[in-house]
Amino acid sequence: MTPGLYIVATPLGHLKDLSPRALEVLQSVNVIAAEDTRHSQILCRQWGIQTPLISVHDHNERDRLDGLLARLGAKEAIALISDAGTPLISDPGYLLVRGARMAGVPVYAVAGPSAITAALSVAGVPCDRFVFEGFPPAQAAARRSYFAALASEPRTLVFYESPHRLAASLDDLSAAFGGTREAALVRELTKRFEEGLLSTLGELAVHAHAHAPRGECVLVVRGAPPPTETDEGERVLTLLMAELPLRQAVDLAVAITGASKKVLYARALELKRT
């Protein structure tokens with residue numbers, strides 16, 4: 001086995017999704033660094049992999065780092081796997097990969113399953129441009145601010161979410177993005193109870209409250225529509241009115257955005273009254 005660090009993608013659920021190359025690597029390396037050795041033993045038993053396992057997770061990666069880098073420096077081959085999918089994507093491993101790169105150790109990608117691309121491929125939401133946001137904040141106030149900052153993002157958004165916070169996150173997404181924004185809930189990918197629902201954020205929130213979905217969840221949310229001239233005109237008008245007289249603010253907003261002067265003037269009067 002060529003020495004180096006191998007980043008190995010493992011099945012999301014269906015164990016037959018392990019690639020022949022991934023199987024060969026896992027059988028041939030000196031040690032497998034696994035996020036949860038108990039979980040990974042299921043995969044190893046299924047495929048007759050007898051390679052030793054060592055745990056590398058969020059709480060011990062820094063402590064394990066020097067020992068693993070020493071083994072890589074001694075020309076060993078090490079495979080890094082997460083509980084499911086591609087390592088480092090909302091999973092541990094960044095410190096090890098960066099440490100190996102900085103030490104001049106080869107790092108090889110053994111490509112395979114990823115919940116992000118799997119969910120996008122079946123969601124029914126545009127996926128030509130997307131941004132992965134990982135897990136939203138657990139605390140309600142932080143989560144609402146986080147979603148509010150993303151409300152105007154034009155690309156499709158992909159979130160991971162735990163089942164016990166799913167309904168609350170969908171409520172907050174509906175409030176920030178509007179309940180009619182199109183979205184898909186994909187859960188338990190490649191497993192027995194795989195489910196995919198394409199609807200609106202509001203309807204998905206109702207579903208989540210009524211059914212309390214279990215398992216690992218991916219939310220795929222359509223990006224924000226491009227702002228109209230009127231939307232942009234009102235945004236600029238609001239900023240200008242904080243510094244300028246009403247008529248001057250309206251004239252400048254019209255000149256900058258091309259929005260209707262009649263519409264912006266009426267909006268300016270509303271803003272002045274409030």
Side-chain angles (χ1 to χ4, degrees), residues 1-101 103 105-119 132 134-135 158 160-164 186-194 214-218:
M1 189 78 192
T2 302
L5 178 60
Y6 293 79
I7 310 304
V8 182
T10 54
L12 301 174
H14 201 302
L15 295 180
K16 290 185 179 180
D17 285 340
L18 187 71
S19 74
R21 182 180 175 222
L23 175 59
E24 180 182 7
V25 168
L26 294 178
Q27 288 175 330
S28 304
V29 293
N30 297 100
V31 67
I32 299 171
E35 183 179 6
D36 185 335
T37 56
R38 293 168 299 178
H39 181 91
S40 297
Q41 282 171 353
I42 299 171
L43 179 69
C44 290
R45 284 196 297 268
Q46 169 72 21
W47 292 104
I49 299 167
Q50 298 182 0
T51 307
L53 295 167
I54 182 173
S55 66
V56 176
H57 49 69
D58 285 330
H59 304 295
N60 75 352
E61 184 178 0
R62 195 171 296 276
D63 294 332
R64 296 280 197 205
L65 186 59
D66 288 344
L68 290 170
L69 290 177
R71 296 183 69 163
L72 290 167
K75 304 301 182 184
E76 288 193 17
I78 296 177
L80 175 68
I81 63 174
S82 60
D83 286 350
T86 300
L88 277 76
I89 310 301
S90 288
D91 285 324
Y94 165 74
L95 295 176
L96 180 57
V97 171
R98 182 169 177 82
R101 287 291 189 195
V105 173
V107 181
Y108 303 104
V110 184
S114 168
I116 302 168
T117 51
F132 174 59
F135 285 92
V158 184
Y160 288 165
E161 189 52 286
S162 61
H164 68 277
V186 184
R187 67 178 191 90
E188 293 291 83
L189 279 160
T190 78
K191 300 177 184 177
R192 181 180 178 185
F193 297 107
E194 179 175 345
R214 298 180 180 179
E216 298 186 6
C217 303
V218 184

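Only a predicted model underlies this, so the values are computations on that prediction, with no experimental measurement involved.
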Worksheet, complete the sentence: L80 and G93 have their tightest heavy-atom pair at CD2-CA, 3.8 Å

Worksheet entry | Any donor-acceptor pair under 3.5 Å from T10 side chain to T86 backbone | no

Worksheet, complete the sentence: Correct closest heavy-atom pair for S19 and A111 would be OG-O, 4.4 Å

Discussion item. Rounded at 0.5 Å granularity, tell me how far CD1 in I81 sits from CG in L53.
Written reply: 6.5 Å

Worksheet entry | Separation of L15 CG from T190 OG1 (nearest 0.5 Å) | 8.5 Å

Worksheet item: Does R192 have any salt bridge (charged side-chain N to carboxylate O under 4.0 Å, His left out) partners at least two apart in sequence or in another chain, and if so, which?
Response: none

Fill in: Residue pairs, two or more places apart or on separate chains, that pass salt bridge (charged side-chain N to carboxylate O under 4.0 Å, His left out) and touch residues 17-45
D36-R38

Discussion item. Working note: L5 + R101, criterion side chain to side chain contact (heavy atoms under 4.5 Å, CB included); need CA distance, chi angles, decisive distance, verdict.
Written reply: CA-CA 9 Å; L5 178 60; R101 287 291 189 195; over 6 Å; no

Fill in: Contact list for residues 3-46, test ring pair (Phe, Tyr, Trp, His ring centres under 6.0 Å), sequence neighbours left out
Y6-Y108

Worksheet entry | T37 side, atom OG1; I32 side, atom CD1 - distance, nearest 0.5 Å | 11.0 Å

Worksheet item: For Y94, does the OH atom have more than 12 heavy-atom neighbours from other residues, nucleotides or ligands under 6.0 Å away?
Response: no

Worksheet item: Which pairs count as salt bridge (charged side-chain N to carboxylate O under 4.0 Å, His left out) when at least one residue sits in residues 70-84, sequence neighbours excluded?
Response: R71-E76

Worksheet item: Quick one: does R187's side chain have a donor or acceptor within less than 3.5 Å of a partner on R214's backbone?
Response: yes

Worksheet, complete the sentence: Taken in chain and number order and not counting sequence neighbours, the residues that satisfy side chain to side chain contact (heavy atoms under 4.5 Å, CB included) with L23 are L18, Q27, W47, I49

Worksheet item: Backbone N or O of I78 within a donor-acceptor pair of the N30 side chain at under 3.5 Å?
Response: no

Worksheet, complete the sentence: Value for CG (L68) from CD1 (I54), rounded to nearest 0.5 Å, stands at 5.5 Å

Practice prompt. Give the minimum heavy-atom separation between P163 and C217, together with the two atoms involved.
Written response: CA-SG, 4.4 Å

Fill in: Non-hydrogen atoms of G85 and S82 that approach each other most closely
O-OG, 3.6 Å

Fill in: Close side-chain approach of T51 and L26, heavy atoms under 4.5 Å
no

Fill in: Pairs meeting criterion salt bridge (charged side-chain N to carboxylate O under 4.0 Å, His left out) with involvement of residues 54-70, two or more places apart
none

Practice prompt. Mind listing the closest non-hydrogen atom pair of L43 and P11 along with its distance?
Written response: CD1-CD, 4.1 Å

Worksheet item: Looking at residues at least two apart in the chain, or sitting in another chain, which of them share a ring-ring contact (aromatic ring centres under 6.0 Å, His included) with F132?
Response: Y160

Worksheet entry | With A118 via side chain to side chain contact (heavy atoms under 4.5 Å, CB included) - residues at least two apart | L12, L189

Worksheet, complete the sentence: Taking every heavy atom of V218 against every heavy atom of A119, the minimum-distance pair comes out as CG1-CB, 3.6 Å

